[in-house]
Structure formats: structure tokens, C-alpha cells
Enquirer: 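Sharing a structure, written as C-alpha cells. Questions coming.
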Amino acid sequence: MPGSKSLHSPRFVLAGCCLALVLVMASVTSVNLALEGIAVDLGAAGSDLTWIADAYTVALAAFVLPFGALGDDKGRKNTLVVGTIVFGIAAGVAATSSSVGFLIACRAVMGIGAALIMPSTLSTVTSVYSEEGKARAVAIWAGFASAGAVLGLLMSGLLLEYFSWESTFLAVAILAAISLVATLVFIPHTSDEEESHPDPVGAGLTAIGIGALVYGVIEGADAGWGATAPVVAFIVAAVAILGWAIHDSRVTWPMLDPRLFRLRGLSSGSLTLVLIFLGAFGFFYVGLQYVQLVLGFGPLLAAVSFLPIAVVVMPVSALTPRLVERWGDKPLMAGGLILMGVAFYLITGLTAESEYPSFLVPMCVFAFGMALASTPR
């Protein structure tokens, strides 16, 4: 039908995918402002708060690769719909939590839903755009990925100014419902059934390997790198990742052929993305503590203080494809990473006597570098 085709125009598809992406990224950061209220109400210790924040990240990291392959095989709209439903229900149930363990479990389930959502948004965008418009569409997607974290902070800060921490999870559940409607209306059915084949062993090994690796990093930072839990986690991660590499290099239809990483573009691009996300969430973690504990900002003011990141990232991300055409991928990615490093260096010069403008400068430098580094294809 003509009306159906118009609803599935690339612009509407991009808008629906970006809304789903904001849902995923906002939930990474929004919980950080709510941790103080959670600690008081549920009696959470420091290590508990770490896992309330990071159970989501561990689940997302563990399942994003196999669920991306699942979407290619079974249909990306299907995984978007299922993921959004799982995500929204888990967020709504989390608002009823009366114990730390239950809240951590809900956050983990939210991470599983996010792992179904995130890869399907990008693959859907790239499947509906022509080669001429694909670079700009991916740039906009990347801009929303970066800005979504700031929008999550703003939403959480605004709610916490007037309501309790439960409101942040209810708001996420409502946003998930809106995103679900947008997915059902605007997102077409796409898949790569001819090129995609199930690889349950490879999927399981990557989920175990990546999940154990992230778990080890989190536990190592909290308990010490020589503690039993992180050491065991790193051993499990090494064995699982090695097992995946051996398995997927021998099967006829691997989920992800490890030999592809011999391609410099793929390996360098993957490493760049890892560094970008490490830098981004490290910046949010340190920056939020600085504006709240040192500058004394409340939840809403702390969230608003990070808005310059979105103001910088969105237009720079939209402009970057043109810069790529003129200068190439590598100079922009290298320049972006350098700017991110400069921003971290400038932050080391902040003191208890510093004021917000002294933090604003490195924040804008960081946002500019992140947009340059993450947008090129």
C-alpha cells in the first residue's frame, strides 16, 4: 500500500532506529544519578551500587554480538520488537524492587533486551539506505548514540528533582513503549537469510568470553586485579575467546570469521570503537562525580551541565561524512582519539577550587573528538 511504503521511508526508519538507540544508551547513564537514592532506600553497599549500574553493561556486552547475528537471520524488526518488550517490562518491574539483588537482576534483563535492540538498529539503517546516503545516516545514528547518554542524564536529573529513584525506571519503561510503537509502525522487515546461518557454539563462546572479560574488569577495579574473581573471569574469557577463534575459523558458516580481523580497516576500526566507548563512559563516570561531589551540583544541574556534549556531538557527527570524503577515515579517527586524550589530560588539572567553566572546556574538546572518531565508516 502507498501509505505503508511512505511510513517505511528511510527517514522514518532512521528516526525509529535512533529512538530505540537512545533508549539503550540513556539507560547506561541515567541510573548513575539515582544511585544515591537507591543506596538509602535499599541499603545498598558500594559494591552493590557498582553492580546495579554495571549488570546492564555486562549483559549488553555479552549478548550484543550473538543477538546481532540472530537479527540478521530471523529478522531485525523481530529482534527489535522482542528486545524492546523485554527491556520495557524489566524497567517497569525494576521500579518495584525492594531488594538489591532483585534490582541487579532487573538491570541484567534490561541489558539482554538492549543487546537485542542495539545491533538491529544499525543493521536496519544500513539496509534501507543507498550507498549515497548510507554514510550520512550512519553518522546521524552515531550522533544519537553519543547524545543518548546525555539525554538519559537529563531525563534522570529532571525526574529526581521532584520524584524518587523509581521514577527513572518508570520513565524508561514509558519510553520503551513509545519506541515499540515507532518500531511497529516505521521499521520494515529486513534480514540476511541467504548470508546468515545459525552458529550456536560460536554465539555461546562469544557471549561467555565477552561477558567474563567485562565482569573481570569491573571486579578487578573493585576487588583488586589479583583477587580470585577477576583472575578466574579473565581465564574463562581467554579460554572462551580462544575457543571461539578456533571454532569459527573451522566451521563452514561462522557467526563471525576471526580471519576477518586480518583486515586492517576492520581491526583498527573495532579497536577505535572500544577506545571510544571506554573513554566515553570513563568520562561520564569521572565527570559526574566531579560536578556532584566537588562542584556540589544537584541531580538536575549535574545533568544539565553535560548538555554541551550533545550540542557539540550532533552537528559534528552530521558534518563528519563530508570531512571523511575530503580527508579520509584515518586522519579523522586519529584526530578524534587525540582530542579525547587531550580532554582527559585537561581534566587532570582540575582542583577542588576549579569552577564549571574549567570543566566545560575539556568536556567540549572531548565531545568534538568523540564525534570525529566514532562517525567515520
Side-chain angles (χ1 to χ4, degrees), residues 21-38 46 49-58 60-61 107 110-111 114 118 142-160 165 168 172 214 217-218 221-222 272-314 316-317 336-337 339-348 350 354 356 358-374:
L21 181 64
V22 167
L23 175 68
V24 171
M25 300 306 297
S27 297
V28 176
T29 56
S30 62
V31 73
N32 291 322
L33 290 176
L35 290 178
E36 182 179 352
I38 292 172
L49 295 177
T50 298
W51 278 108
I52 289 171
D54 292 334
Y56 178 88
T57 309
V58 172
L60 173 59
R107 286 281 293 172
M110 289 174 65
M118 191 172 185
F144 273 94
S146 303
V150 180
L151 295 176
L153 282 178
L154 185 62
M155 177 189 71
S156 183
L158 183 62
L159 289 170
L160 291 172
W165 63 268
T168 62
V172 168
V214 176
V217 171
I218 294 171
D222 185 56
T272 299
L273 284 175
V274 170
L275 293 175
I276 290 169
F277 277 97
L278 282 174
F281 294 123
F283 187 90
F284 277 108
Y285 181 77
V286 174
L288 276 173
Q289 291 189 76
Y290 178 76
V291 298
Q292 288 186 288
L293 301 180
V294 178
L295 298 184
F297 289 1
L300 179 57
L301 187 56
V304 171
S305 71
F306 276 77
L307 274 180
I309 292 181
V311 172
V312 172
V313 164
M314 294 303 296
V316 175
S317 295
L337 290 175
L339 287 175
M340 291 172 68
V342 169
F344 275 114
Y345 175 77
L346 293 174
I347 286 179
T348 63
L350 298 177
S354 300
Y356 177 68
S358 300
F359 177 69
L360 177 63
V361 172
M363 179 166 56
C364 291
V365 172
F366 179 85
F368 194 89
M370 183 169 60
L372 289 181
S374 61

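Given the structure is predicted, the values throughout are model-derived calculations rather than measurements.
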Enquirer: Once you round to the nearest 0.5 Å, how far does CG of L153 lie from CG of L300?
Expert: 11.0 Å
Enquirer: What heavy-atom pair brings L159 and T168 nearest, and what distance separates the two atoms?
Expert: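 Shortest heavy-atom separation between L159 and T168 comes out as CD1-CA, 3.9 Å.
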Enquirer: Applying side-chain contact (heavy atoms from CB on, under 4.5 Å), name anything that partners V217, two or more places apart in sequence or on another chain.
Expert: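 Only W225, F234 meet the side-chain contact (heavy atoms from CB on, under 4.5 Å) criterion with V217.
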Enquirer: Write down the atom of V291, the atom of A302, and the distance for their closest heavy-atom approach.
Expert: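 Where V291 meets A302 most closely, the heavy atoms are CG2-CB, 3.9 Å.
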Enquirer: Donor-acceptor pair, distance only, cut-off 3.5 Å: does the side chain of T348 make one with the backbone of Y345?
Expert: yes
Enquirer: Applying ring pair (Phe, Tyr, Trp, His ring centres under 6.0 Å), name anything that partners F366, two or more places apart in sequence or on another chain.
Expert: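 In terms of ring pair (Phe, Tyr, Trp, His ring centres under 6.0 Å), with neighbours along the sequence ignored, F366 is linked to F283, F344.
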Enquirer: Nearest 0.5 angstrom please: L33 CG to W165 CH2, how far?
Expert: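 It comes to 15.0 Å.
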Enquirer: How long is the straight-line distance from CG of L295 back to OH of Y356, given to the nearest 0.5 Å?
Expert: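 One finds 9.5 Å between OH of Y356 and CG of L295.
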Enquirer: To the nearest 0.5 angstrom, please state how far the CG atom of L339 sits from the SG atom of C364.
Expert: 12.0 Å
Enquirer: Verify the neighbour count for atom CD of Q292: are there more than 12 heavy atoms of other residues, nucleotides or ligands below 6.0 Å?
Expert: yes
Enquirer: Mind checking side-chain contact (heavy atoms from CB on, under 4.5 Å) for Q289 and listing every partner two or more places apart, or none if nothing turns up?
Expert: Y285, L293
Enquirer: Where do S156 and A34 come nearest, in terms of heavy atoms and distance?
Expert: OG-N, 4.4 Å
Enquirer: May I ask you to check whether over 12 heavy atoms, not counting those of Y56, lie within 6.0 Å of atom OH?
Expert: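 Enclosed: over 12 neighbouring heavy atoms sit under 6.0 Å from OH of Y56.
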Enquirer: Identify the two heavy atoms, one from I52 and one from R107, that lie closest to each other, and give their separation to 0.1 Å.
Expert: O-NE, 2.8 Å
Enquirer: Specify the closest pair of heavy atoms between S358 and L350, including all atoms of both residues, with the distance to one decimal.
Expert: O-CD2, 3.4 Å
Enquirer: Do V304 and F297 come within less than 4.5 Å of each other through their side chains, counting heavy atoms only?
Expert: no
Enquirer: Could you grab the distance from atom OH of Y290 to atom OG of S305, nearest 0.5 Å is fine?
Expert: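 These two atoms lie 11.0 Å from each other.
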Enquirer: Using a 3.5 Å distance criterion without hydrogens, assess whether the side chain of S317 forms a donor-acceptor pair with backbone atoms of M314.
Expert: no
Enquirer: For residues P308 and M363, report the shortest heavy-atom separation together with the two atoms involved.
Expert: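 Heavy-atom minimum between the residues: CG-CE, 3.9 Å.
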Enquirer: Rounded to the nearest 0.5 Å, what separation is found between the CG atom of L360 and the CD1 atom of I309?
Expert: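 Result: 10.0 Å between the selected atoms.
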Enquirer: Do V172 and M155 have side chains that get closer than 4.5 Å, going by heavy atoms?
Expert: yes
